[in-house]
Amino acid sequence: MWNVQGASYRKIGNLDKAEKAYRKAIKSNPNFIDALNNLGAVLRDKDDLLRAKEVLNQAIGKNPKFPEAFNNLGNVLSDLGDYKAAVIA
């Protein structure tokens with residue numbers, strides 16, 4: 001429920017509410033990989049790149065075969081100027 005609500009808020013550009021909804025989804029299920037990935041994407045949207053990197057690494061740590069998280073991490077690393085790591089991600 002919270003993950004869907006977060007996606008709705010993100011779609012209309014309400015990033016603060018989207019972040020809160022994703023955090024609630026993760027609090028209710030810390031292994032909710034989609035919510036972690038989506039939180040990482042919202043943090044990137046908010047230019048909170050270091051926290052986005054941390055959250056996306058958590059998602060990858062929980063599921064190392066989750067391509068969306070690798071893609072989002074690559075984008076964050078590129079935004080941070082770490083192009084070599086971005087290509088690897």
Side-chain angles (χ1 to χ4, degrees):
M1 175 179 107
W2 293 113
N3 192 53
V4 173
Q5 190 175 53
S8 297
Y9 282 130
R10 184 177 182 215
K11 187 173 184 176
I12 63 171
N14 193 332
L15 301 180
D16 290 333
K17 285 190 176 182
E19 179 181 352
K20 287 178 186 176
Y22 290 134
R23 289 191 183 282
K24 287 180 182 179
I26 295 162
K27 185 175 182 179
S28 69
N29 179 0
N31 293 316
F32 194 173
I33 308 301
D34 288 320
L36 282 166
N37 179 58
N38 291 337
L39 175 59
V42 164
L43 292 170
R44 178 181 182 235
D45 292 343
K46 294 175 72 173
D47 291 323
D48 193 346
L49 300 177
L50 295 178
R51 283 196 321 157
K53 179 181 170 185
E54 178 182 324
V55 168
L56 292 165
N57 277 319
Q58 287 176 19
I60 291 166
K62 291 177 186 288
N63 182 354
K65 295 185 179 187
F66 190 58
E68 291 88 350
F70 278 102
N71 182 64
N72 285 332
L73 179 60
N75 290 332
V76 167
L77 292 170
S78 178
D79 292 345
L80 288 168
D82 191 349
Y83 304 113
K84 185 175 181 180
V87 170
I88 294 169

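We count residues from 1, following the sequence as given.
- When each of K20, E19, K27 is paired with R23, the side-chain contact (heavy atoms from CB on, under 4.5 Å) condition holds for E19 and for no other.
- Interatomic distance, E54 CD to L49 CG, rounded to the nearest 0.5 Å: 13.0 Å.
- The hydrophobic clustering, which links ILVMFWY residues whose side-chain heavy atoms are closer than 4.5 Å, places L36 and V42 together.
- Separating the CG atom in D45 from the CZ atom in R10 is a distance of 4.0 Å, to the nearest 0.5 Å.
- Within a 6.0 Å sphere centred on NZ of K46, heavy atoms belonging to other residues, nucleotides or ligands number more than 12.
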Stepwise side-chain contact (heavy atoms from CB on, under 4.5 Å) check, N37 with L56: CA-CA 6 Å; N37 179 58; L56 292 165; 3.5 Å; yes

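- Between G6 and A18, the closest heavy-atom pair is O-CB, 3.4 Å.
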Test log, rule side-chain contact (heavy atoms from CB on, under 4.5 Å), inputs N72 and R44: CA-CA 9 Å; N72 285 332; R44 178 181 182 235; 5.8 Å; no

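- Here the CH2 atom belonging to W2 is positioned 14.5 Å from the CG atom belonging to N29, to the nearest 0.5 angstrom.
- Checking side-chain atoms of Y22 against main-chain N and O of D34 turns up no donor-acceptor pair under 3.5 Å.
- Transitive grouping of hydrophobic side chains (ILVMFWY, heavy atoms separated by less than 4.5 Å) brings L77 and F70 into a common cluster.
- With rounding to the nearest 0.5 angstrom, the CD1 atom of I33 is 11.5 Å from the CG atom of N38.
- Using modelled atom types, no side-chain atom of N71 and backbone atom of P67 make a donor-acceptor pair closer than 3.5 Å.
- Atom CG of D48 is separated from atom CG of L15 by 11.5 Å, given to the nearest 0.5 angstrom.
- Cluster membership for V76 and L50, using ILVMFWY side-chain heavy atoms within less than 4.5 angstrom, is shared.
- Taken from CD1 in I26 to CD in Q58, the straight-line distance is 7.5 Å, to the nearest 0.5 Å.
- Among all heavy-atom pairs drawn from L43 and A52, the shortest one is CB-CB, 3.7 Å.
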